[in-house]
Amino acid sequence: MEDMSDHGGHGLVGALGPYAMSREASGTSWQPDASAHDGVHGEVAGWMVMGHALLNGVYTDQSGPRGGEKAFLAGMVMGAARRDLRPGTTLNLRAMASPDPFMGKRGYPLLLAAGETADGVTELVDRQHPHELLMELSASLAQRVNDRGSVFVYAGLPGEPAFGPPVFMHRQSAMDSPEAPISHHWFDSTHITFGVLTAGYVQGDWKIEASRFRGREPDQDRFDIETGELDSTAVRVSWNPAPEWALQASWADLTSPEQLHPKEDETRWSVSALRTVRFDGGWWATTFAFAQKEHGDDPAADAWLLESAVSFNDRWTIFGRAERVENGELEESLSDVPTVGRLSLGAIRDWRVAEHVKIGIGANLTQNFIGDELDAVYGGDPLGATAFVRLKIG
């Protein structure tokens with residue numbers, strides 16, 4: 001096996017088109033070309049292979065009457081293999097798994113988060129649900145059409161349709177934080193979709209793509225593979241105007257996404273800008289995004305996200321996130337949809353124990369902003385604290 005990790009994805013061509021591999025993120029989404037492309041690369045029997053793992057052992061304590069504490073394991077292990085079937089034709093296979101289901105069906109405390117269910121009856125509120133054991137099993141086939149262009153198809157069971165920015169655990173601005181964003185169900189909850197088929201066209205720094213996918217979110221059984229009709233649609237336009245930038249605008253129409261409200265459909269749209277700057281010994285990555293969703297007869301609900309991370313060297317990374325969401329699921333007895341916010345700041349110190357292996361220790365603090373409507377329910381503006389240890393391979 002030949003080690004190719006020194007390329008870091010910048011000297012290799014992407015699986016979906018004639019651009020730097022470092023542009024590719026989760027599903028078929030794009031990130032800035034200047035992004036770090038973690039992973040151990042090699043070649044086996046004519047296949048170019050890549051492996052990457054990020055596992056967090058976490059303890060979190062969320063204060064207030066709706067808070068809680070929990071120790072859990074989260075993260076991902078992924079691998080990919082690709083080969084050229086003939087000049088200009090590339091096949092790419094990808095798989096990703098997560099230890100999330102072992103934390104229990106109720107997930108972990110995360111104030112102001114809402115979505116999915118632990119028991120098929122009650123919605124999870126102020127908790128982040130566990131992700132599926134199998135987060136992606138996908139294949140893509142790309143055909144070069146000219147020096148700067150290609151067409152491609154992508155299929156996954158599960159997979160990620162063409163909506164939103166890269167999912168948070170793949171965004172360079174977010175992956176060092178052990179917590180999910182509370183805006184997850186606006187931007188990237190579709191990243192585990194049990195049935196997706198995407199077709200797209202790439203020309204230079206532009207990409208347009210459309211997906212048909214199963215709109216229903218995964219159920220509370222996190223160990224199975226579900227099937228169903230591809231009943232929903234997503235469209236995304238992406239543009240990387242410079243190596244430091246990745247922009248996208250997307251729209252999705254989801255059929256019956258929520259198990260607890262099966263007769264209600266949902267429409268979402270999002271825009272985002274990702275910027276990554278590399279400097280001597282480090283990098284600085286930022287994401288700014290806005291999304292809106294309309295669900296059933298409820299008024300449209302907005303979400304704003306700003307997150308950033310800066311790595312000064314191979315040892316220290318500082319990360320932060322600010323969010324503002326309109327979320328009527330937090331307290332259904334209210335007549336008006338409350339607006340809430342969350343601000344977090346953290347850091348991690350890594351030690352390199354082998355060429356491709358790091359062990360890190362980190363922590364972050366969170367301030368929640370509740371607003372007058374929910375003040376009595378949450379007991380003011382509660383705080384949260386999280387400590388974690390991390391194993392990173394790649």
Side-chain angles (χ1 to χ4, degrees), residues 24-32 35 54 74-76 78 94 96 98 100 107 110 112-116 124 128-132 134-136 138 154 156 158-196 198 209 211 213-218 232-238 246-254 257-258 266-274 285-293 295 301-307 309 319 321-325 327 329 342:
E24 293 182 338
S26 61
T28 59
S29 64
W30 279 359
Q31 62 187 353
S35 301
L54 194 155
M76 62 178 178
M78 66 174 296
R94 188 157 56 188
M96 182 164 55
S98 170
D100 278 24
L110 185 67
L112 307 183
E116 300 198 19
L124 282 171
Q128 167 61 31
H129 62 81
H131 288 104
E132 303 294 300
L134 293 176
M135 301 174 75
E136 183 176 17
S138 70
Y154 163 95
E160 180 179 330
F163 181 79
V167 66
F168 67 90
M169 66 272 294
H170 286 277
R171 291 197 300 266
Q172 193 167 350
S173 58
M175 63 176 58
D176 288 291
S177 173
E179 293 183 331
I182 61 171
S183 55
H184 176 46
H185 281 261
W186 277 257
F187 293 106
D188 45 23
S189 63
T190 53
H191 74 108
I192 300 176
T193 297
F194 281 105
V196 56
T198 300
E209 54 192 325
S211 300
F213 63 99
R214 183 175 185 243
R216 176 61 59 86
E217 294 176 340
S232 303
T233 303
V235 178
R236 178 168 59 196
V237 176
S238 303
L247 313 176
Q248 70 84 29
S250 53
W251 169 89
D253 182 55
L254 293 86
E258 296 188 14
E266 186 171 285
T267 300
R268 301 181 188 177
W269 67 272
S270 78
V271 292
S272 63
L274 281 67
T286 301
T287 297
F288 177 71
F290 170 80
Q292 184 181 88
K293 63 179 182 180
H295 185 83
D302 298 343
W304 296 86
L305 167 73
L306 174 64
E307 62 188 16
F319 53 88
R321 177 184 293 142
E323 299 175 88
R324 179 181 180 273
V325 301
N327 193 345
E329 299 175 24
R342 186 174 175 90

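Two residues are said to be in side-chain contact when any heavy atoms from C-beta on lie closer than 4.5 Å; S232 and R214 fail this criterion. Proximity of D188 to R171: side-chain heavy atoms (C-beta onward) are separated by under 4.5 Å at one or more points. At a threshold of 4.5 Å between non-hydrogen side-chain atoms, the residues F213 and T198 do not count as touching. For the pair E24/H170, no side-chain contact is recorded, criterion being any heavy-atom separation below 4.5 Å from C-beta on. Q292 has its side chain out of reach of R268: every pair of non-hydrogen atoms, C-beta onward, lies at least 4.5 Å apart. Looking at heavy atoms from C-beta onward, S29 lies in side-chain contact with R236 at the 4.5 angstrom threshold. The closest side-chain heavy-atom distance from R324 to R342 is not below 4.5 Å. Residues H185 and H129 meet the side-chain proximity criterion, which asks for heavy atoms closer than 4.5 Å.
The minimum heavy-atom distance between L274 and P166, with the atom names listed, is CD2-CD, 4.0 Å. Heavy-atom minimum distance, A114 versus N327: CB-ND2, 3.8 Å. Taking all atoms of both residues into account, the shortest heavy-atom contact from S177 to R321 is OG-NH1, 4.0 Å. Smallest separation of non-hydrogen atoms from S189 and E217: OG-OE2, 4.1 Å. Closest heavy-atom contact between T190 and L254: CG2-CD2, 4.0 Å. In terms of heavy atoms, A246 sits closest to W30 at CB-O, 4.0 Å.
I182 contributes atom CD1, which lies 7.5 Å from atom CG of L110 (distance to the nearest 0.5 angstrom). With rounding to the nearest 0.5 angstrom, the OG1 atom of T267 is 4.5 Å from the CG atom of D253. A distance of 4.0 Å separates CD1 of I192 from CE of M135, quoted to the nearest 0.5 Å. The structure places CH2 of W304 at 13.5 Å from CD of E323, a figure rounded to the nearest 0.5 Å. Between the CG atom of L124 and the CD atom of E329 there is a distance of 10.5 Å, given to the nearest 0.5 Å.
Inspection of the E266 and H295 side chains reveals an N or O donor paired with an N or O acceptor under 3.5 Å. Side chain to side chain, T28 and E209 meet the donor-acceptor criterion of an N or O pair below 3.5 Å. Counting only N and O atoms by type, the side chains of S173 and T286 include no donor and acceptor under 3.5 Å apart. At a cut-off of 3.5 Å, with distance as the only test, no side-chain donor of Q248 or S238 sits close to an acceptor on the other residue. Side chains of S138 and E136: a donor-acceptor N/O pair is present below 3.5 angstrom, by distance only.
Between H131 and F168, the angle of the ring planes lies from 30° to 60°, which puts this pair in the tilted group.
A donor-acceptor pair is defined here as one N or O able to donate and one able to accept, closer than 3.5 Å; such a pair exists between the side chain of Y154 and the backbone of E160. Listed for the R94 side chain is a donor-acceptor partner under 3.5 Å among the backbone atoms of G27. T193 places no side-chain N or O within donor-acceptor distance of the main-chain N or O of G195, the cut-off being under 3.5 Å. Side chain of W269 to main chain of A249: no donor-acceptor pair is present (N/O by atom type, distance under 3.5 Å, no hydrogens or angles). Judged by distance alone, with hydrogens and angles left aside, the side-chain atoms of S211 form a donor-acceptor pair with the main-chain N or O of A162 at under 3.5 Å.
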Given F319 and M175, is the side chain to side chain contact (heavy atoms under 4.5 Å, CB included) satisfied, shown in steps? CA-CA 9 Å; F319 53 88; M175 63 176 58; over 6 Å; no
List the steps, then state whether side chain to side chain contact (heavy atoms under 4.5 Å, CB included) holds for E179 with Q128. CA-CA 9 Å; E179 293 183 331; Q128 167 61 31; over 6 Å; no
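The only option from P165, S183, S270 that meets the side-chain contact (heavy atoms from CB on, under 4.5 Å) definition with L305 turns out to be S183.
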